[in-house]
2 protein chains.
Amino acid sequence: MDPARTLALLWRAEHEPVRPARGPRQGLTVDRIVRTAIAVADADGLAALSMRKVAEPLGVSAMSLYTYVPGRAELVNCMLDEVLGEAPSLEAADGWRQALERYARGGMAIARRHPWVPPLVSSRMLMGPNETARWDGVLGALSGVGLPEREMLAVVHLLDGYVRGAAQQSADAEHDARRSGLSYDEWYEQTGPLLEKTISADRYPALTRVWRSGVFEEPGAGLGPDGGFEFGLQRVLDGIERRVADRFAG
Amino acid sequence: MDPARTLALLWRAEHEPVRPARGPRQGLTVDRIVRTAIAVADADGLAALSMRKVAEPLGVSAMSLYTYVPGRAELVNCMLDEVLGEAPSLEAADGWRQALERYARGGMAIARRHPWVPPLVSSRMLMGPNETARWDGVLGALSGVGLPEREMLAVVHLLDGYVRGAAQQSADAEHDARRSGLSYDEWYEQTGPLLEKTISADRYPALTRVWRSGVFEEPGAGLGPDGGFEFGLQRVLDGIERRVADRFAG
DNA sequence: ACTAACTCTTTACGGCGTAAGGAGAATGCT
DNA sequence: AGCATTCTCCTTACGCCGTAAAGAGTTAGT
């Protein structure tokens with residue numbers, strides 16, 4: 001995967017220098033392909049995203065997509081940067097904590113709309129236009145608080161990691177539910193009795209105690225689709241706040 | 001995917017009731033298949049794990065694996081529970097904070113040894129023997145600190161989410177590096193100049209400032225293979241500690 | 001009018017998970 | 001002992017996948 005080609009595609013700079021094309025006009029655009037691919041992935045998941053499935057609703061053959069995009073991997077890159085454009089602006093935020101809160105919630109919202117996103121958010125930045133803007137926004141929000149650059153990066157990394165983990169857990173739950181046709185609660189209803197047979201109370205006392213408290217069945221208790229995202233987020237922000245305070249004091 | 005069948009397989013209870021088998025003896029065991037599959041996944045990644053690739057080193061055809069395991073999905077479940085057995089015991093830990101620290105580091109260590117694990121750690125628990133023991137351990141460590149059950153669950157969820165996110169970021173970096181043949185540093189050397197062309201300093205001031213500080217090139221600065229895992233972990237634990245203190249005070 | 005450049009097509013290859021059905025081996029019953 | 005049953009493991013086959021190769025058809029420059 002050629003980095004130069006990938007970057008050019010992300011910034012849509014590919015066909016800028018060459019205006020007069022010899023052959024027939026292109027009937028599609030990269031944007032249209034990317035948007036179609038996003039719709040397919042939203043509906044069926046990233047695993048079910050195939051070149052053939054993207055080409056069909058566009059009325060072309062799979063191979064014609066290769067005129068616009070070098071391959072599947074690069075298409076996915078473009079999809080990712082496109083949906084990162086849905087992140088909210090942090091400019092109006094009141095203080096760094098609120099900005100980080102919005103950053104994390106924005107990431108979570110994207111993940112909920114597009115469950116295929118979390119596994120793709122890699123540490124190796126692709127730096128398309130939207131990812132660039134997002135980085136600039138969050139680093140801007142962190143600029144005044146007195147952390148060294150190294151720790152600013154680590155803080156963003158921490159937030160991204162947390163959101164990614166939480167989002168993926170929620171996405172998996174939804175995916176499993178859709179595939180098995182069972183909701184989270186129904187699944188526990190089915191396996192609950194089975195578990196109680198295999199898991200003995202005296203071998204696993206702490207787990208049994210929590211299990212019997214019934215908290216596993218409560219929605220939003222820390223597991224399941226909405227898995228205590230806000231609770232965790234506030235703990236993470238508290239941890240960052242303490243670091244900021246310690247820096248200021250010491 | 002039948003939950004009962006899956007659970008029976010995880011606890012290896014499948015052939016317990018039926019002792020006298022009519023046909024020829026089985027030449028393989030579920031354990032041997034699972035261990036071989038883990039080796040394949042460790043070497044080539046989960047995407048490259050195919051029934052044919054697992055069968056080959058065992059000297060059987062792909063289809064004979066279906067005598068032992070209902071399908072690929074269930075095999076992966078077994079692989080996951082198997083490697084969760086590598087998690088360290090938390091019994092000797094001195095206090096809940098140290099226990100959680102070990103829990104998180106243990107998870108991270110597993111993820112590093114088996115980079116295919118993080119995407120699989122789902123909120124829908126499979127509850128094989130090792131996952132069960134792990135849950136019991138961490139809930140035991142949290143039992144005395146005064147948090148309600150709901151928040152104990154949320155705390156474990158928070159840690160799992162953080163570890164999962166961080167581990168996946170690290171695994172992706174490694175995977176990308178292996179596939180492209182470029183180390184993290186080499187990749188930045190290649191794309192750096194390109195990025196400076198497309199990303200203008202006045203449109204992205206905060207990002208440019210951090211970029212020019214050179215901190216992106218430092219190893220372990222918050223990105224890259226070792227991406228500030230410890231920094232983030234301490235922030236997360238600080239956040240949990242504050243919650244515990246608030247609970248105790250209020 | 002001719003040619004070069006370009007888009008889009010059809011075909012093909014080697015991979016995948018696994019359904020179907022058949023060959024051969026070990027047991028239980030008579 | 002001999003037969004039926006039951007089980008393991010095999011080969012074959014189907015419909016998916018990404019994309020390489022090569023050809024058909026369209027447009028622009030000369």
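Values in this document were obtained by computation on a predicted structure and should not be read as measured data.
The phosphate of D:dC10 has OP1 or OP2 within less than 4.0 Å of a side-chain N or O from B:Ser64. Phosphate contact (OP1/OP2 of D:dC10, side-chain N/O of B:Ser61, threshold under 4.0 Å): present. Here A:Tyr68 reaches the OP1 or OP2 of C:dC8: one of its side-chain N or O atoms lies under 4.0 Å away.
Environment of CD in A:Glu56: sparse, with no more than 12 heavy atoms of neighbouring residues, nucleotides or ligands closer than 6.0 Å. Within a 6.0 Å radius of CZ in B:Arg113, other residues, nucleotides and ligands contribute more than 12 heavy atoms.
As a whole-Å value, the separation of A:Leu28 CG from C:dC6 P is 18 Å. The CD-P distance, from B:Gln26 to D:dT6, rounds to 17 Å in whole Å. Between the CZ atom of B:Arg25 and the C1' atom of C:dT27 there is a distance of 9 Å, given to the nearest Å. One can place CG of B:Leu65 at 10 Å from P of C:dG17, the figure rounded to the nearest angstrom. Distance, A:Glu56 CD to D:dC17 C1': 15 Å, rounded to whole Å. Atom OH in A:Tyr66 sits roughly 13 Å away from atom C1' in D:dA21 (whole-Å rounding).
Applying the side-chain contact (heavy atoms from CB on, under 4.5 Å) test to A:Ala133 and every residue at least two apart in sequence or in another chain returns B:Tyr204.
Across all non-hydrogen atoms, the minimal contact from B:Ala48 to B:Lys53 is O-NZ, 3.2 Å. In terms of heavy atoms, A:Trp11 sits closest to A:Met127 at NE1-O, 3.0 Å.
Out of D:dC9, D:dT27, C:dG24, the shortest distance to the side chain of A:Pro24 is found at D:dT27. Of the candidates C:dA5, D:dC9, C:dT27, C:dA5 carries the atom nearest the A:Arg22 side chain, counting heavy atoms from C-beta on.
By the 4.5 Å heavy-atom criterion applied to side chains, B:Leu75 and B:Tyr68 are not counted as neighbours.
A salt bridge links A:Arg12 to A:Asp31: one of the charged nitrogens lies within less than 4.0 Å of a carboxylate oxygen.
When the nearest nucleotides of DNA chain D are assigned to A:Ala47 and B:Val60 by heavy-atom distance, the more 5′-ward of the two goes with B:Val60.
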Nucleotide N/O to protein N/O under 3.5 Å, stretch nucleotides 11-16 of chain C:
from: C:dC16; atom 1: OP1; to: B:Ser50; atom 2: OG; distance (Å): 2.8

